[in-house]
Asks: 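Mind looking over this structure? Questions follow.
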Amino acid sequence: MTAVTHQAQAIELSGSRSIEAANDHELLAAIRDGDEIAFQELVRRYRNPITNFVYRMLDDYDRAVELSQETFIRVYTSASRYQANYSFSTYIYRIATNLAISELRRRKRRKMVSLFSPYTNDDGEAVEMDPPDLNVLQDEALIANERRHAVARAITSLPQKYRAAIVLRDVEGLSYDQIAETLQLSEGTVKSRINRARNLLKEKLSAYI
Amino acid sequence: MNSCKSIRELIDEADNPNLLPFEVSQHVDACRECERFSTERAGLRNLLGSGVRVTAPMNFDAMLAARLAETSNRGWLSWLAPASYFRLGAATAGVAALVLVAQYSGLFSSNLTPSQQATVATTKSKQPERRPSAQPVLDAAIVADNHRQPQRVTPIVNSPRINAGRLSAVTIGRVRPRETVSSDDLGVVLVRGQNGGSDVQMPTVSLGAQPLLYVSAGKQQPSRNVGASF
């Protein structure tokens, strides 16, 4: 029954409707039938949000691009197993989140040391090395750049379980129920994590608020 | 009247921090603490959301297509994945362990009657000149069974140390002159590092899966210990 429905959607997609007008589920059905144009359309829709999301999680652009591509490869290779229980955006963000968290864990195992936090305080927490910049700020671009770096550092300093939730909420703008589906958590847990993440970020970014 | 806690939860959950529900706005106007909380939250969310969004590089699609092609070509070679290597290695190690256990159990077990047990005699060689480089350590013994006259063979554990540079041969059943020791002598025990100028007629002797002592088969010539390892 499901296969028939997907086939019907694929036929409809190849018929009168343009591929830009198709929704994500229809595109997935077409991909399942080997339509590469549909896959290109899906990549066009989500490549920037996914790349930005992974970049905010890792603060590493090159690795974010690689993991973003890996996300699309997994979507393509597992298209036949996709079940349209949730929105496709939830599905693809879940894949990207899992990849990003795996990358964070791998980095933690390797004990990668950030140049920004090579020191720890008495409690064992990373202390940001922030030497004073004696140069005079020349324009707003520098201030904005500094603010952007501060936000990126603050986000990457968060514990990983808070990081995914706050980035999905305040950077990507997902709703609480979407985040709950993406992270496979209860909505209450998501609200709690976002609240704690905001409290932590408020302390780190108080100078910019 | 909503409490401050519930109001702050509603502030946190608002989709737009600048557009709060009416009852929340009403409370915030009257409560200074909640007003400060609301201002901080709005500033923080605006700060997080106002950052420059990175975009995928121009060659993203081309790189993705190349990786997809690579992935599809690699399909039939998926067994070469590291996890497969690990499984293959574990299986090989398991088989090797089973072979070792089987060899040892066959080597040191005997189903002969006690009446067939043989006397173990030790042929001690004359004391040769000592070579300082040799290490006369009695680590293990290799027993070559003779099937024509089966005898009970027990592992020799506490044999005396013998001078280096000589073959220490323990024959089972009868004593032969040390210069003509062969595998016909029921069993031969070779001690590692003690294989001096004696002749041994036997094929390669091995312990477990690793060759321990190589002797030229069938030739009457001094044995050479060309490789010994455990």
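Quick note on labels: first sequence line is chain A, next is B, and so on, each numbered from 1. Fair warning: this is a prediction, and the values are worked out from it, not measured in the lab.
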Asks: How long is the gap from OG on B/S50 to CZ on A/R147, to the nearest 0.5 Å?
Replies: 6.5 Å

Asks: Can you say whether A/E36 sits under 4.5 Å from chain B via the side chain, the backbone, both, or neither, judging by heavy atoms?
Replies: neither

Asks: What distance separates A/Y76 OH from B/T71 OG1, expressed to the nearest 0.5 Å?
Replies: 10.5 Å

Asks: Taking heavy atoms only and a threshold strictly under 4.5 Å, list by residue number the residues of residues 188-201 of chain A that touch chain B; give 'none' if the list is empty.
Replies: A/K191, A/N195, A/R198, A/N199, A/L201

Asks: A/Q40 versus chain B, heavy atoms under 4.5 Å apart: side chain, backbone, both or neither?
Replies: neither

Asks: Does the pair B/F60 and A/T51 meet the rule for a side chain to side chain contact (heavy atoms under 4.5 Å, CB included), with working shown?
Replies: CA-CA 10 Å; B/F60 185 90; A/T51 303; 4.1 Å; yes

Asks: To the nearest 0.5 Å, what is the distance between CZ on A/F72 and CG on B/D61?
Replies: 9.0 Å

Asks: Quick one: pull up CG in B/L64 and CD1 in A/I73 and give me the separation to the nearest 0.5 Å.
Replies: 5.5 Å

Asks: Using 0.5 Å steps for rounding, measure from the NZ atom of A/K202 to the CD atom of B/E40.
Replies: 4.5 Å

Asks: Below 4.5 Å from any heavy atom of chain B, which atoms of A/V151 appear? Answer side chain, backbone, both or neither.
Replies: side chain

Asks: Are any non-hydrogen side-chain atoms of B/R67 and A/E70 less than 4.5 angstrom apart?
Replies: yes

Asks: Once rounded to the nearest 0.5 Å, what's the spacing between atom CZ of A/R148 and atom CG of B/L47?
Replies: 12.5 Å

Asks: Taking all atoms of both residues into account, what is the closest heavy-atom pair of A/Y61 and B/A56, and its distance?
Replies: OH-C, 3.7 Å

Asks: Do any of residues 158-178 of chain A come closer than 4.5 Å to chain B, heavy atom to heavy atom, and if so which ones, in number order?
Replies: A/I166, A/R169, A/D170, A/V171, A/E172, A/Y176

Asks: Please classify the contact of A/F39 with chain B as side chain, backbone, both or neither, using a heavy-atom distance under 4.5 Å.
Replies: side chain

